[in-house]
Amino acid sequence: MPTFKLKATGKNFLSIKATKKFVSLYIFQDKGGDSVQQEIIFDTFKDYAPSTGGGGQMITVRFDYKKDLPEQLLKDFIQFQVKAVTEK
């Protein structure tokens, strides 16, 4: 499962995994997570079944193979997330 780290923090940032029915995006958060950041993520991906896991340190978003990936949404989100994480 490819995992991307940010050089600025040295921490895991995103992972991507393909399963039988979905492509899953795993969004890593600091321990305990930022509730405002988590709300933004859940709102951004509300149509893609977001859920938490890993003791609240990870948010999983599932994209169905039968639908096109929302490329622009993903690009915008990744840019937003990088900025949010590196400005802490």
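Reckoned from all heavy atoms, side chains included, excluding hydrogens, waters and symmetry mates. Just so it is clear, the structure is predicted and the values come from calculations on it, not from any experiment.
Between F77 and F45, the ring-plane angle classifies as perpendicular under the 30° and 60° cut-offs.
Of the N and O atoms on the side chains of S51 and R62, at least one donor lies less than 3.5 Å from an acceptor on the other residue.
Rounding to the nearest 0.5 Å gives a distance of 8.5 Å between CD1 of I40 and CG of D43. Rounded to the nearest 0.5 angstrom, Y26 OH and I59 CD1 are separated by 13.0 Å. The distance from the CG atom of N12 to the CD1 atom of I27 is 13.5 Å, given to the nearest 0.5 Å. Taken from OG1 in T60 to NZ in K17, the straight-line distance is 9.5 Å, to the nearest 0.5 Å.
Among all heavy-atom pairs drawn from Y65 and V23, the shortest one is CE2-CG2, 3.4 Å. Taking all atoms of both residues into account, the shortest heavy-atom contact from F4 to I16 is CE1-CD1, 4.1 Å.
Using a 4.5 Å cut-off on side-chain heavy atoms (C-beta onward), K5 and F13 make no contact.
Counting only residues at least two apart or in different chains, side chain to side chain donor-acceptor pair (under 3.5 Å) contacts with residues 68-82 comprise Q37-Q81, Q72-D76.
The six-membered or imidazole ring of F63 lies near that of Y48, with a centre-to-centre distance under 6.0 Å.
Residues L14 and F22 do not share a hydrophobic cluster, defined by chaining ILVMFWY side chains whose heavy atoms lie under 4.5 Å apart.
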